[in-house]
Amino acid sequence: MAAFALSACSTDTPQSVLQPQGEFARKADALWDITFAIAIAVFVVVQGLLLYAIFRYRHKPGREAAQFHGNTRLEIAMTIIPALILLGLAVPTVATVFDLAAEPTGADVIHISVEGRQFWWRYDYTDLDIVTANELHIPTGQPIDLSIEGYDVNHSFWVPRLGGTQDVVPGRTSRLTLEADDPGTYLGQCKEFCGLSHSNMNLRVIAHDPGDFEQWVSDQQEPAAAPSDSLAAEGAELFVNGAADAQFAGGPSCASCHAIEGLDGAVGIIGPNLTHFAARNTFAGAIFQNNESNLRAWLANPPERKPGSQMPNLQLTTGQIDALVAYLQTLE
Amino acid sequence: MSAAHPPAEHPHTSTGLDNAKLAMWAFLGSECLFFGSFISTYLLYRNVTGDGPTSADLYDIPYTSISSFVLLMSSLTMVLALSSVQNGDRRAMRIWLMATAFLGLTFIGGQVFEFTTFVEEGLTLSTSAFGSSFFVLTGFHGAHVTIGILMLLGLTVMSSFGRLGPDDSRPVEVVGLYWHFVDIVWIVIFTVIYLIPSG
Amino acid sequence: MATAVAPQQGGLFARPTAKTGWWSWMTTVDHKKIGILYGVTAFFFFIVGGVEALLIRAQLATPNGEVLSPAVYNQLFTMHGLTMIFFVVIPMGTALMNFLLPLMIGARDVAFPRLNAFSYWVFLSAGLFMYSAFLLGGAPDGGWFGYAPLSLDPVTDGMTYYSLGLQIAGIASLAGAINFIVTIINMRAPGMTLMRMPVFVWMTLITSFLLLFAVPVIGVALWELMFDRLFGANFFDPAAGADPLLWQHLFWLFGHPEVYIMILPAMGIVSEVLPAFSRKPLFGYPAIVFSGAAIAFMGWGVWAHHMFAAGLGPVANSAFALSTMFIAVPTGVKIFNWIGTIWGGSVRLTTPFLFSAGFVSMFIIGGLSGVTHSIVPHDAQQTDTYYVVGHLHYVLFGGSIFGLFSGIYYWWPKVFGRLLSEKIGKFHFLLMLVGFNLTFMPFHILGLLGMPRRQYYFPANRGFEVWNLLASIGAFTIAVSILVFLYNVAVSRKKGEAAGADPWDARTLEWMTTSPPPEHNFDAIPVVRHRDDFWYRKYITTPEGESARVFAGGAASDEEQHSSEAASDEPPSSSAEGASDREPNTAGAAPPESSSEERPHAGASAEEQGHGIHLPSPSYFPLLTAAGMPVIGYGFIYSPILLAAGAVMLLVGAFGWVLEPPAEEA
């Protein structure tokens, strides 16, 4: 039990629910603190009674067991006391449930539609006309209204330090409110088992000061710039048209699944929108750092890097990978 | 000793209830949850018809009412079978058992015809969630009726060969419980599926 | 008796007669043999499920583990859960129930001996069927609660095996439940009123009712899954407008009562063991019984606490939070009553007692972490993390498995006639207790640090490393403790101390007969006048509230004496029972002598109650009928020919069952 207290102080636990960083996580945490304290007290008392009874009444020569069958008054007390403790817990619990379920209102509330897919997250800032993946950018100090949409199978959206969990259920829309106090990167993960790469379905929330967030929004709203060097231009061409007839050796061109604003013909909706791919720190369910070597390895064989990946092995040649990587890295 | 006690076909029990009858009651309790869950599923999906036909397009209530009536009558013949055997008239019992089985068979025939019609009109198991829940619920009921018919025929045959033991009434009573339950379930299903209009 | 004059059929339907050897086990309808079959099979699956757990812990001992591929990992954690729940904890409880139930209520067998054998063979078929999937393309891999629509994933047949295998296992449970219900309600010895029954019998009754009503619910869910997977139905496919939450509701409407199905038998065991070794009556027997019933009742109203993150809305979440909190009340009552049982006793720290005390102790932790789940906003943080995995293991391992081991150590001498070694047993207990806490306490911490469950690896630098390593060390410690148990068994088989009828100076009827009991259980059916009847045949309670030994071999005069004494400390309802009217002149105060010559009519008392000692004959047909079920299962997956073959086996089995020469079975 002491281990709980210890681990709460540790600093190397970026995903810990015990270090809430937003109002919604804090409310849950406050309930936890009360409950945990009561639980520890009950544990000490009851476990203590048990151990005391065993020790005190252990068999010794000459000890006779007292033959009694019960004690009605004691038994009634033992029923009522736990019930009262639980009632004491029930009141703040129910209050917090309704509190957290309230939808944030106001003109400046940011609405984001979150979709969990095998095995990545799609974010649609409905009022801002931004579509991105895996890394959710939000301003600090204000509630973010997430509507959680299902797509293929059940997932669960969870950012422990910012609060709450919401299952992603196909055919249903649910909602969740998030808030971050301070700028920073908050880790999260899909929590509902969703298949081979359930473990690889991570996410990040990147909280900015409101001014920085404005900047991020306006950057994101720009379409992708046309590539300037020839290798990147070749990559853009491959992205849309593949090796020939919108095909690669192992499957259709990138554009059949991925969209890039500003690149003609790149309007796919199955995979992540890549318009500002190079501005992301991570990719593929936020499990790989976004750098050249990881990108090359990924393009060479996605299902090997991430089991069950919906992106097939396109059997790209080294030259094709060179060009595609060069192009993707221009998508700031 | 033995003279004082009738043969141990009816062993003494703590409650005086017959074991087999008690077991059947317990089983039927379980069956309530079984059909209850399927009926809940149906209620959830009765309007989820997708592009397929709706219940209003398909249901022929007069037709199903008649087949329901036939099944209901089979409960009556079942009662008559039991009362015959309790009066010691095994021949009459066998006739009534056969009549019950025949009425059950008529009901099943009606269901097969209904299913075929629905399939022709475009509702299959995979058309829509409505189709799945309709066919599986009524299909499982049909399967229960079929098992009931097999038991009725089994009783009849065994009785003809004198293999029901010295007292025929107990197995007949137990099978009768099952048969009445299956009838009652159908009343519920008929009401829920056919009579309550879907919105 | 009727059975003596019943026409003996020869030929096709003749009943088997083997009393020893393989065939005797295959055709047995003796509840004791079936109990042993259940126990051995469940223990076998315990080893299998344990090896799966060890593989999982090997994979998770270090970050980015590479012992298992994700596909194999997913099969292993799914099968680990399914195995431990459906093929270990439930059947291990069933094993004890099977062996003990008739002995505890003073019956010769269960109400339907052949149905009992059928249950066992169906259970075994279900387990073998599920495991055969490993060899036939892949085991179930969608988690033990198999959420749709992931469970519709057609990549392997794994989840089809899941839908069919659990369906078959459900049939076994249902048949067993009906059998036990009828046995308990109808087959009690004279004077064994409901409120005199041992608590283990009560918990068996309550568990059986839970199974009776819960199994059909998951049965429906599994049929729907099967129709979706095999015949293109649309019960769970969101593309066709279906609602995947239907699966969750049906599953957990079964799944939560299922939790109590697993824990109540263990609670029953503990309620037998603690009084026996505290040498005291159970504290608050009626409260223990009614709280068990209350838990079972309330257990139907808490299922959606498994779905707090599913988005049911604040009203539903609050309602289920309240019901979840308040189911802790009857659970707490039991814990206090167990402590009250020890209080004032003369406690012998035997292995069974230690396991029971371990149960209570671990269950306190599991119960308290259960209460933290009802705090909905924080449950949202805990759900689907290792915190929940920790909680459920405290309840099902710290609870059920400790309770079952307590029962195994307690009744082992009754079943096999030899004691297990206390020394090795205590070592087993200590090792298991340490290993268990080392494994599962870190799970809570991992969950709070943010590690979701069902991860085939965990990344470095999240603070997970230490706790995972500890958990893996703990898991292997548990494995060693199980080896210690097996060693204990081996030692006991070879040179274990002979147990005698009543090695623990225990309280309930099963200790009146020899160890192991004769095939007919009791030479004369005992007449019951007390709760803990056997104790009061041995001891009287003095006016000072202490117990004094009745003179050995005590006969009628002692009986009279103690009944007048004991009447004061029994509830009036039970002492007012008219059992003494039917009382024979010789109740077996001492373990009865063997009198097998007289078996058909073992004295006036047996005759009077209509129980002749005629035992039902063995039968081939339960096995044949049960064996048809997995064949039908394979038929659904692979070929209509197999389907037909399975159906024929089932029908032939059923006809043979009905037509074979009658026995005393109803």
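Throughout, protein chains are lettered first and strands after them, A, B, ... in sequence-line order, and every chain is numbered starting at 1.
Rounding to the nearest 0.5 Å places CZ of B/Phe161 at 10.0 Å from CG of C/Leu659.
Contacts of C/Asn179 with chain B are absent, with no heavy-atom separation under 4.5 Å from either backbone or side chain. For a residue to count as touching a neighbouring chain, one of its non-hydrogen atoms must lie under 4.5 Å from one of that chain's; by this rule B/Met24 does not touch chain C. Both the backbone and the side chain of B/Leu22 come within less than 4.5 Å of a heavy atom in chain C. Within the 4.5 angstrom heavy-atom criterion, atoms from both the backbone and the side chain of C/Leu212 approach chain B. Only the side chain of B/Phe140 has a heavy atom closer than 4.5 Å to any heavy atom of chain C. Contacts between C/Ile218 and chain B at a heavy-atom distance below 4.5 Å are absent for every atom of the residue. If you measure heavy-atom distances from C/Val215 to chain B, you find no contacts under 4.5 Å at all.
Under a cut-off of 6.0 angstrom, the local environment of CZ in B/Phe115 is crowded, with over 12 non-hydrogen atoms contributed by other residues, nucleotides or ligands. Annotation for B/Met98: atom CE does not count as buried by contact number, only 12 or fewer foreign heavy atoms lying within 6.0 Å. Around atom OH of B/Tyr63, more than 12 heavy atoms belonging to other residues, nucleotides or ligands sit under 6.0 Å away. Remark: B/Trp96 CH2 is loosely packed, at most 12 non-hydrogen atoms of other residues, nucleotides or ligands lying under 6.0 Å away. Counted within 6.0 Å of CZ on B/Phe102, heavy atoms from surrounding residues, nucleotides or ligands total 12 or fewer; the atom is thus considered open. When the shell of 6.0 Å around CH2 of C/Trp300 is examined, it contains more than 12 heavy atoms from other residues, nucleotides or ligands. The 12-atom threshold is exceeded at CZ of C/Phe231, counting heavy atoms of other residues, nucleotides or ligands nearer than 6.0 Å.
Donor-acceptor pairing under 3.5 Å is lacking for the side chains of C/Asn186 and B/Ser14.
Among the residues in residues 185-194 of chain B, none has a non-hydrogen atom closer than 4.5 angstrom to a non-hydrogen atom of chain C. Annotation: residues 116-129 of chain B contacts chain C through B/Leu125, B/Ser126, B/Thr127, B/Ser128, B/Ala129 [non-hydrogen atoms, separation under 4.5 Å]. Heavy-atom proximity under 4.5 angstrom to chain C picks out B/Gly29, B/Ser30, B/Leu33, B/Phe34, B/Ser37, B/Phe38, B/Thr41 from residues 28-41 of chain B.
Within the structure, the salt bridge (Lys or Arg N to Asp or Glu O under 4.0 Å) test picks out no pair touching residues 173-187 of chain C (sequence neighbours left out).
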In sequence, state the C-alpha distance, the side-chain angles, and the governing distance for C/Arg188 and B/Thr15, and then conclude on side chain to side chain contact (heavy atoms under 4.5 Å, CB included).
CA-CA 9 Å; C/Arg188 283 166 285 136; B/Thr15 55; 4.1 Å; yes

Run C/Asn234 and B/Phe130 through side chain to side chain contact (heavy atoms under 4.5 Å, CB included) and show every step you take.
CA-CA 8 Å; C/Asn234 294 309; B/Phe130 161 69; over 6 Å; no

For side chain to side chain contact (heavy atoms under 4.5 Å, CB included), just list the numbers for B/Ser133 and C/Phe235, CA-CA rounded to whole Å, side-chain angles, deciding distance to a tenth of an Å, and then say yes or no.
CA-CA 7 Å; B/Ser133 55; C/Phe235 287 105; 3.9 Å; yes

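Across C/Ala242, C/Gly241, C/Ala654, the residue that shares the most heavy-atom pairs under 4.5 angstrom with chain B is C/Ala242.
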